[in-house]
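Working notes for the structure below.
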Number of protein chains: 2
Amino acid sequence: MFKKKLKEYIDRYVLLDESDFEHFYDSLSIQKFKKKEYLLEKGKICRNYFFIAEGLVRTYDYNEKGIEKIVQFGIDNWWFTNTDSFINQTKSRLNIQAIEETTVLKISKETLDLIYKEIPKIETLFRIITEKTLIAQQRSSYFYMKEDSKTRYYHLVNKIPEFAQRVPQYMIASYLDITPEYLSELRKTSE
Amino acid sequence: MFKKKLKEYIDRYVLLDESDFEHFYDSLSIQKFKKKEYLLEKGKICRNYFFIAEGLVRTYDYNEKGIEKIVQFGIDNWWFTNTDSFINQTKSRLNIQAIEETTVLKISKETLDLIYKEIPKIETLFRIITEKTLIAQQRSSYFYMKEDSKTRYYHLVNKIPEFAQRVPQYMIASYLDITPEYLSELRKTSE
DNA sequence: AAATTCACTTAAGATACCTTAAGAACGAAT
DNA sequence: ATTCGTTCTTAAGGTATCTTAAGTGAATTT
């Protein structure tokens with residue numbers, strides 16, 4: 001189950017011997033969140049890095065008009081956190097909330113820093129995860145800067161259908177940076 | 001000079017003994033770019049990570065209308081690359097070009113991977129650099145998603161005056177994702 | 001089962017920002 | 001000094017997207 005899922009994830013990036021994996025795994029704790037529960041609330045310090053074993057989460061904030069603005073989704077098999085708050089151990093400006101019932105394996109900053117010293121391959125793993133997160137973040141920023149909302153919507157629906165199916169329309173609109181009304185309009189127009 | 005600048009940079013993040021620093025420094029090569037010269041051209045593989053010792057560069061592409069879209073600036077004392085192309089050694093979708101005469105210290109992917117094994121603290125350094133780059137990237141994405149163009153402009157001018165002074169208006173417009181004409185309009189309106 | 005809330009749609013008027021086109025100001029090249 | 005290219009500005013009309021408001025059906029609560 002979750003242990004096996006994590007092992008498979010790690011195997012894709014580094015070669016870790018059995019005892020190191022066991023030691024790393026023992027440093028994690030498991031936690032379940034119900035729909036709408038918070039993994040992290042704005043104003044608090046993000047103490048943990050989460051491996052989403054199962055479920056779906058979103059990172060969001062409110063704009064000056066009080067409207068939700070979703071900045072990121074996280075889905076099964078992703079390592080997920082608020083990087084800014086976690087790395088710097090400063091107050092978060094964003095909320096992380098479960099959209100579906102979600103199970104995570106989590107590790108605290110202090111524990112992770114210790115592990116880096118004990119098992120350098122875990123530091124390598126997280127270097128690679130951070131690189132991948134950065135690349136994904138840059139690709140999506142550049143894409144969303146260059147394309148108009150219609151293109152953004154069809155890209156999301158076609159390339160990442162898991163989201164379109166599991167996430168309500170109004171959240172997709174928020175993520176695409178358009179109003180739900182306008183998204184409704186777009187969907188009507190083409191097809 | 002440049003060696004000292006790099007040493008100061010590294011000292012901020014990790015403790016490296018003299019011989020390790022020398023070894024790392026010997027793996028770098030120095031290169032000068034004239035105004036408008038390319039550090040990386042679209043379609044080619046980004047072979048190097050650059051430490052900008054002096055100067056100013058931009059990463060950009062053209063949109064479907066043939067108009068330049070700047071996605072990032074890089075300035076003195078930053079480690080800079082096209083992360084996607086560098087890490088995956090795949091063809092770049094973006095150009096990196098010197099805006100001013102620019103001097104860099106550069107290291108190739110293969111050399112860097114070797115160094116990671118020889119000097120684990122350099123791997124730690126680049127883990128931290130990647131974390132910082134990710135945090136900066138996320139902060140700016142989230143900011144630019146939430147704020148309108150006027151706010152984005154005043155934020156840029158007030159918080160990062162180095163750019164406003166060294167970068168021509170039309171490049172700032174491109175980065176802010178508005179037309180030069182509209183930027184001109186904005187500047188007029190509010191004094 | 002009725003009442004209430006939630007997610008989505010429709011439509012009309014408003015606004016932020018774009019497009020085009022032309023001119024002004026400045027520095028670089030002849 | 002004159003010409004030329006580059007950057008910035010101005011203005012008119014156009015378009016993408018928002019705001020507000022009201023309506024519908026599905027889901028949840030009472």
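Per chain, numbering begins at 1; letters A, B, ... match sequence-line order. Computed over heavy atoms, backbone and side chain alike; hydrogens, waters and symmetry mates excluded.
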[N] [atom2] sits how many Å from [X] [atom1], rounded?
{"X": "A:D177", "N": "C:dA16", "atom1": "CG", "atom2": "C1'", "result": "14 Å"}
{"X": "B:K188", "N": "C:dA24", "atom1": "NZ", "atom2": "C1'", "result": "14 Å"}
{"X": "B:Q169", "N": "D:dT6", "atom1": "CD", "atom2": "P", "result": "18 Å"}
{"X": "A:D148", "N": "D:dT15", "atom1": "CG", "atom2": "P", "result": "15 Å"}
{"X": "A:E185", "N": "C:dA11", "atom1": "CD", "atom2": "P", "result": "8 Å"}
{"X": "A:I67", "N": "D:dC18", "atom1": "CD1", "atom2": "P", "result": "10 Å"}
{"X": "B:I178", "N": "C:dT19", "atom1": "CD1", "atom2": "P", "result": "12 Å"}
{"X": "B:L183", "N": "D:dT10", "atom1": "CG", "atom2": "P", "result": "12 Å"}

Got a salt bridge between [X] and [Y], using NZ or NE/NH1/NH2 to carboxylate O under 4.0 Å?
{"X": "A:D11", "Y": "A:K7", "result": "yes"}
{"X": "B:D61", "Y": "B:R93", "result": "no"}
{"X": "B:E41", "Y": "B:K44", "result": "yes"}

Quiz item: Which sits closer to the 5' end of DNA chain D, A:T179 or B:P168, going by the nucleotide each is nearest to?
Solution: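 Going by which nucleotide is closer to the 5' end, it is B:P168.
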
Quiz item: How is B:Y182 classified with respect to the nucleic acid when contacts are heavy atoms under 4.0 Å: base, sugar-phosphate, or nothing?
Solution: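 Base contact - B:Y182 has a heavy atom under 4.0 Å of at least one base atom.
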
Practice problem: Sort out for me which residue in B:Y60, B:F163, B:F80 forms a ring-ring contact (aromatic ring centres under 6.0 Å, His included) with B:F73. | Solution: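 In the set B:Y60, B:F163, B:F80, the residue that makes a ring-ring contact (aromatic ring centres under 6.0 Å, His included) with B:F73 is B:F163.
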
Quiz item: Does A:S149 have a side-chain nitrogen or oxygen under 4.0 Å from the phosphate oxygens OP1 or OP2 of D:dT17?
Solution: yes

